[in-house]
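Proteins come first, then strands; the chains are lettered A, B, ... in the order of their sequence lines, and each starts at number 1. Note that this is a predicted model, so its numbers are computed, not measured.
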Amino acid sequence: MPQELRVYNTLTRKLEPFRPAEPGRVRMYVCGMTVYDYCHIGHARAMITFDVVVRWLRETGLDVTYVRNYTDVDDKIIARAAEAGEDPLALSARFIEALDEDVGRLGLLTPTHQPKVSEHIDDIIALVERIVERGHGYVVPAAEGAEGHDVFFSVRSFPRYGQLSGKNLDDQRAGERVDVDPRKRDPADFALWKAARPGEPSWPSPWGPGRPGWHIECSAMSMRYLGESFDIHGGGIDLVFPHHENEIAQSESGTGVHPFAHYWMHNGHLTMAHEKMSKSLGNIVRIRDILDEVPAEALRLLYVETHYRSPLPYSSARLVEAMAALDRLYHAREVLAEMASRPPAASAEELVRDLGEPAAQLHELASRFPERFAEAMNEDFNTSRAVALVYDLTRAVNRFGNNKKWRKRSAALAEPALAAFDLAGRVLGIGALEPEDWFRQVRERRLRAMGRSEAEVQALVDARVEARKARDWARADAIREELAELGVVLMDTADGTRWRMRVG
RNA sequence: GGCGACGUACCCAAGUGGUUAAGGGGCGGGUUUGCAAAACCUGUAUUCACCGGUUCGAAUCCGGUCGUCGCCUCCA
């Protein structure tokens, strides 16, 4: 490894050398989704960000335990279920299924553990009890309409409160926008346990029937699978406050162990026309809808082209650009496949000596790729730089491959280049497909959008081939025009006519 | 009001003290082609929002101005 991995830690606002508590082993928790609706492409950014993090950590040989939860007990779920007249847990189960489907289509790794709140109520109750016993939580009678008691966390009992988000309790204007619950000792106190109202899902507890507050589930579930102190805690930047701040406060108060998590990583938001994309603004694009339009790799590429901490302005035009770039990348992979299919005629060194600059450049870029890639990834997961390396290699391959004779004797040069693409594919999830699979995915989606069938296009292509054989250029060009209107791009090569769908 | 981030070419986006300011898309020119397409070559920022300052040297550090955005309330 050329250099040690450095990670930006929200807690210290600095790049820090990454050193897991147990050498060789990484424990990582990422806040997953509250499952009350279909996931949007902003959620996809968070999931892809941490997917790449896990992939890179594993690539460097670390044994990563990766936990991503489903929050399936929550006020919003209850509200949504009430509207639909559905059981809240049935509703969340439905959206967990949908989420899993999206995750599969995005090509995301399956986390080591995917705990659900509803299956960890005992852990949560036990943690709340510890917090209360240690004097950081207090029990108050339930609000009107509910029976039993609520339990609140006392932020003033935790001196480090505000450390993660850089907030000072005395500077906040709690209560300015929302009325403060008079039962709270401090406006910033938050619920650990909520007494149940009639009809709400509830579990028995020492404080009467109720359910967990919003933040406690992540504390309890991360401890269950990773212990009371672990390496990385991730999530969207919007979770820094209050969610993660509260997680730290309640976790460390309950266990007395510090730190709860060593490295806090937060991904920047996806924005829509300079606006945050969120359910409350109603400007959401669902993952599943986008994946009907473009292959998952296009979305992944769009995401990894920007550093994970920067805001990412989304637009469908950028998705088309990403597809254009992938077309070029897969062209290179086709060239490499052809090169590799021939028996090796010479060593890489001989080829470099005989074929000059294009061979030398290809050899240099391919053989040094792993080290440069590692350098980029080790700098706080600089996928932007890593992607640039892939493009550099892509160009070198295509340049070399423009010489048909060279292709036939250069298996030795193809090998390290293919290994480089494999590495990028494993870690970034781009360029990982077989070229024909990529072109097919684009073709299927575009044809569907145009309402055309492959056979229909093929018939026109065949007709044009006949016209060309007869040297009837006018007819051939007319057919090409017709195909162009369907978004079909033709390529007349020595081996015959091929066609592709235009990406945009 | 508090806290924080950002402003790099036509668009997107790396670079955060010192070789010619990565890379992608687009656009112009060329090679190739029956003509195209694809691919490749080449041109696209003497300059990094603006103004001061520190320094031998700054897109990079400091101060100010303008602008955009986020968090402080549910949010990936």
Side-chain angles (χ1 to χ4, degrees), chain A residues 10 13 30-34 36 39-50 74-76 79 162 165-168 170-178 188 214 234-243 245 266-271 274-281 301-302 305-307 309-313 315 317-318 320-329 331-332 334-335 358 376 379 382-392 394-403 468 471-474 476-477 480-481 484 488-494 497-500 502-504:
Chain A
T10 307
R13 291 161 207 276
V30 174
C31 286
M33 259 50 76
T34 299
Y36 70 103
C39 286
H40 57 61
I41 56 178
H43 297 123
R45 185 179 192 198
M47 292 194 284
I48 288 172
T49 293
F50 292 104
D74 167 90
D75 290 353
K76 289 188 296 300
S165 55
K167 295 194 185 305
N168 181 334
D170 297 317
D171 290 344
Q172 301 307 304
R173 294 191 176 186
E176 181 157 304
R177 292 202 272 175
V178 178
W214 173 32
I237 185 92
D238 54 330
L239 294 179
V240 172
F241 190 88
H243 186 56
E245 191 69 62
H266 294 98
N267 64 277
H269 273 138
L270 193 73
T271 59
H274 292 289
E275 236 181 9
K276 175 178 166 177
M277 179 169 71
S278 71
K279 288 167 186 173
S280 50
L281 288 171
L301 176 59
L302 175 60
E305 273 182 334
T306 301
H307 185 87
R309 282 192 280 120
S310 302
L312 194 160
S315 73
R318 291 189 64 185
V320 172
E321 288 177 12
M323 285 204 282
L326 283 168
D327 262 3
R328 190 163 71 88
L329 190 156
H331 181 270
E334 282 184 327
V335 168
E379 196 63 25
N382 194 329
T383 53
S384 212
R385 258 167 68 193
V387 169
L389 293 170
V390 174
Y391 289 133
D392 286 339
T394 295
R395 166 157 288 119
V397 168
N398 285 335
R399 181 185 180 200
F400 183 86
N402 272 348
N403 187 315
R468 289 188 77 228
R471 305 186 71 81
D472 183 351
W473 307 126
D477 290 351
R480 185 169 60 201
E481 279 300 303
V488 176
V489 180
L490 293 164
M491 286 162 286
D492 297 323
T493 74
T497 295
R498 304 180 57 191
W499 62 274
R500 281 184 198 160
R502 207 172 45 223
V503 291

Choosing from [options], which nucleotide comes nearest the side chain of [X]?
X	options	answer
A:Glu305	B:C71, B:G24, B:A76	B:G24
A:Phe241	B:G34, B:C71, B:A76	B:C71
A:Ala325	B:G25, B:C71, B:A76	B:G25
A:Asn402	B:A38, B:G25, B:C40	B:C40
A:Thr306	B:A14, B:A76, B:G4	B:A14
A:Arg500	B:A76, B:A38, B:A36	B:A38
A:Lys76	B:C74, B:C40, B:G2	B:C74
A:Ser384	B:C40, B:A13, B:G34	B:A13
A:Pro313	B:C12, B:C74, B:A76	B:C12
A:Ala388	B:A13, B:G23, B:G25	B:G23

Pairwise [atom1] distance for [N] and [M], with rounding to whole Å:
N	M	atom1	result
B:A22	B:U44	P	12 Å
B:G63	B:C11	C1'	33 Å
B:C10	B:C27	C1'	8 Å
B:G64	B:G2	P	14 Å
B:C48	B:U31	C1'	34 Å
B:G28	B:C61	P	38 Å
B:U16	B:G57	C1'	15 Å

Taking any heavy-atom pair under 4.0 Å as a contact, classify [X]: base, sugar-phosphate, or nothing.
X	answer
A:Ser165	sugar-phosphate
A:Asn398	sugar-phosphate
A:Gly42	base

Are the side chain of A:Arg318 and the backbone of A:Pro313 linked by a donor-acceptor contact shorter than 3.5 Å?
yes
Side chain A:Arg45, main chain A:Gly268, donor-acceptor under 3.5 Å:
yes
Using the test side chain to side chain contact (heavy atoms under 4.5 Å, CB included), find all partners of A:Ser310 that sit at least two apart in sequence or belong to another chain.
A:Thr306, A:His307
Base of [N] paired with side chain of [X] (donor-acceptor, under 3.5 Å):
X	N	result
A:Arg318	B:C11	no
A:Arg471	B:G34	no
A:Glu321	B:G24	yes
A:Asp75	B:C74	no

Can you check whether [X] has a side-chain N or O nearer than 4.0 Å to OP1 or OP2 of [N]?
X	N	result
A:Asn382	B:G15	yes
A:Arg328	B:C40	yes
A:Ser310	B:A14	yes

Atom-pair distance (CG on A:Leu490; C1' on B:G34), nearest Å:
15 Å
If I take atom CG in residue A:Leu326 and atom P in nucleotide B:G25, what distance separates them, rounded to the nearest angstrom?
10 Å
Aromatic-base stack, A:Tyr391 on B:G24, cutoff 5.5 Å, angle under 30
no
How long is the straight-line distance from OG1 of A:Thr34 back to CG of A:Asp74, given to the nearest 0.5 Å?
5.0 Å
Strictly below 4.0 Å, N to O, side chains only: are A:Glu305 and A:Arg385 in salt-bridge contact?
no
Below 4.0 angstrom, N of the basic side chain to O of the carboxylate: do A:Glu334 and A:Arg500 qualify?
yes
